[in-house]
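All of these numbers come straight from a predicted model, not from anything done at the bench. Whatever order the structure lists ligands and atoms in, that order sets their numbers, starting from 1.
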Amino acid sequence: MEQTKEYIQTWDLDQIFTGGSQSQSLKETISKLTKEMSKVDESIERFDAAKASANDLVEIINQLGPLQKQLRDVFAYIGCLSAQDVNDSDAAVLVAKSGDLSAKMGTVSSKLNQKLKDIKEEAWAQMIQSQELKEIAFSLSEARRKAKEMLPIDQEVLINDLAVDGYHAWNQMYDTIVGSMFVTVEEKGESKQYSMGQASNMMSNSDRNVRKKTFDLIQQEWQRNAPLFGQSLNHLAGFRLQVYKHRGWNDVLREPLENNRMQKETLDAMWTAIEQNKEPFVAFLNRKAKLLGVEKLSMYDIGAPLGKSETKVSYTQGANRIIEQFQKFSPQMADFAKMAFENRWIEAEDRAGKRPGGFCTSFPNKKQTRIFMTYSGTESNIATLAHELGHGFHQHVMNDLPIQNQRYAMNVAETASTFAEMILADAAVRQATSKEEKVALLEDKIRRGITFFMNIHARFLFETNFYEERKDGMVPVERLNELMVTAQKEAYCDTLDEYDPMFWASKLHFHKTGTPFYNFPYTFGYLFSLGIYAHALEQGNDFENEYIALLQDTGRMTVEDLAKKHLNVDLTKPDFWEKAIHLCIEDINEFMQLTE
Ligand SMILES: [Zn+2]
């Protein structure tokens, strides 16, 4: 029998560029790409929309594609360097460098898109029918259509340039202030300092007093800095609204929907299905309150564990469990995971100086991915690892597509990851050996639903209402608190005792300038993957190839077309969404029976 080998918990970045933040080959690549960027820029300048042929465009695309691929490798590599060691000052310099490069690349692409916009409709229709362009017609036409909705190029360039210090800077200032915040917690007569992230992890402590006390301390600390965050949030929102106004865009959802390639009808159908199916989730929260011995849950109780603490699972054991469960659904997914563990594509070591959180990043030129997380042996670590491997697999099946078709939006990006997570969660529930274990695992699964249907719903409601009020001027801190509590009450159906008024400050997603409405795509991804999961269970063995075909199409069509083509469903109608939610409700029913 083959000896089980231990997997190494640190990643190997030298396969991408050697030498880390002092890499010579990285430096050379950056200067080579900078030169190539100027060359493409010149070709675009020469491109004459009135006379251009399909061949002229192909020529530019052939220059642009490899450049974009290599740049993405560079950005991803720098991202990995800064995550693995927050004190690496050379990496910090490279991060700034990649910001410049990406702004430059953005300008080059916008210039091309503006030229595409000027091509006459008839000529365009013919052009994208050509052999070389047909395959990437969707992304080209999308870019062209978007360019039509923008201001003239010189104005857009000016906005981009001013945004570096006038818009994105608010996001950076947010990060800086949060980085300097901490709470002091008294533990066994000793006072200990915790970062805001560490402190919020204590919301999963089994002692309610600890949770409540820490929650209050956290609230005080956010409240103390609320005037600063109120300013920064209002200003970044103000900037965004000004840009929209000048472009003639009235609806704040226009950009996020466009980014996610989805229709308003789809978003509405999704939320409607959720709103109409909240009753079982309310019943679950009330049951959890009973099990915890309180009349009503508060925000700080939602993450409280039921039952005893979990046993630790070693990294290699966790890895093997993931490979084994993936195997049942898709041997190709299992092979991919195994290869990622063996080739050290994963940074999982539990050590100081690493950035918190997890991510998966792609190197389309090298056709590799890297996963970043901190593994300490908990069930939720295994879930994270599976989640990130899901992202990695998604990229893996797209490696051979044209780079233009490898760009997919956040809502479908979160589909492959959630799907992978679900495979593990389901298997864990099935294999539970005691009633207590089963209850705890089911609770964990249902809590995910609570996050997507209630917590993220509240974020969406808050953000929508905040932006509406912001159109008429600055929204004061007291009003932000009020808007947040109102949104939470609606989203949680008034089930909770204490809410979290400072959530508009503590949730960094509201302060992310790169992506407006960093919320509903998560819920979409979760429900969409539940729908695929239900489909997979029906399909059995035929499923693997269908799933891969669906993933491969995520970068070249709208979500409505994707669902129609691969699942034969209409996302603008509530049926699909309801069916997906019902998978969650089945878990709740089982949970309710077991805890009767
Ligand atoms: Zn993810």
Side-chain angles (χ1 to χ4, degrees), residues 11 72 75-76 79-80 82-83 197 256 259-262 270 318-319 322 325-326 329-330 333 336-337 340 345-348 354-364 368-375 378-398 406-426 444-445 447-453 455-457 459-460 507-510 512 514-533 547 550-552 554-555 559 562 580 584:
W11 59 18
R72 277 188 53 192
F75 296 153
C80 290
S82 75
N259 287 348
N260 285 286
R261 291 169 173 158
M262 66 193 272
M270 181 183 91
I322 289 172
Q325 296 307 331
F326 279 4
F329 262 88
S330 157
M333 252 173 102
F336 170 78
W345 285 13
I346 301 165
E347 169 56 60
K354 274 175 79 164
R355 192 192 295 160
F359 63 78
C360 174
T361 190
S362 313
F363 302 86
Q368 296 190 15
T369 47
R370 288 293 181 279
I371 285 167
F372 179 87
M373 59 144 338
T374 299
Y375 188 90
T378 65
E379 287 296 325
S380 102
N381 289 157
I382 298 175
T384 304
L385 203 44
H387 178 105
E388 303 305 341
L389 281 163
H391 282 306
F393 183 66
H394 192 173
Q395 176 59 37
H396 178 69
V397 301
M398 291 192 120
Q406 291 188 29
R407 242 197 66 245
Y408 44 91
M410 179 181 164
N411 53 352
V412 287
E414 290 308 332
T415 298
S417 53
T418 318
F419 185 82
E421 224 181 299
M422 206 125 46
I423 291 175
L424 267 288
D426 241 18
D444 198 67
K445 257 185 102 190
R447 201 155 11 110
R448 256 174 257 188
I450 300 277
T451 302
F452 293 113
F453 304 152
N455 189 311
I456 292 182
H457 191 203
R459 298 182 208 177
F460 175 76
K507 192 75 224 169
L508 90 109
H509 292 167
F510 296 123
K512 263 178 106 85
T515 318
F517 280 80
Y518 207 91
N519 39 56
F520 69 83
Y522 274 123
T523 305
F524 179 101
Y526 176 69
L527 280 175
F528 195 53
S529 66
L530 272 183
I532 297 171
Y533 193 67
Y547 180 55
L550 181 149
L551 292 180
Q552 285 172 333
T554 48
V559 291
L562 187 71
C584 269

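Within the coordination shell of the Zn ion (ligand 1), defined by N, O or S atoms under 2.8 Å, His391 is present. Glu388 lies apart from the Zn ion (ligand 1) in this respect, since none of its N, O or S atoms is found at a distance under 2.8 Å.
Within His387, NE2 is the N, O or S atom that lies nearest to the Zn ion (ligand 1).
Between Tyr522 and Phe460, the ring center distance fails the sub-6.0 Å criterion.
When only modelled atom types and interatomic distance are considered, Thr378 and Asn381 share a side-chain donor-acceptor pair under 3.5 Å. A donor-acceptor contact under 3.5 angstrom links the side chains of Ser417 and Glu414, judged on distance only.
For the pair Lys354 and Phe372, the cation-pi criterion (under 6.0 Å, within 45° of the ring axis) is fulfilled.
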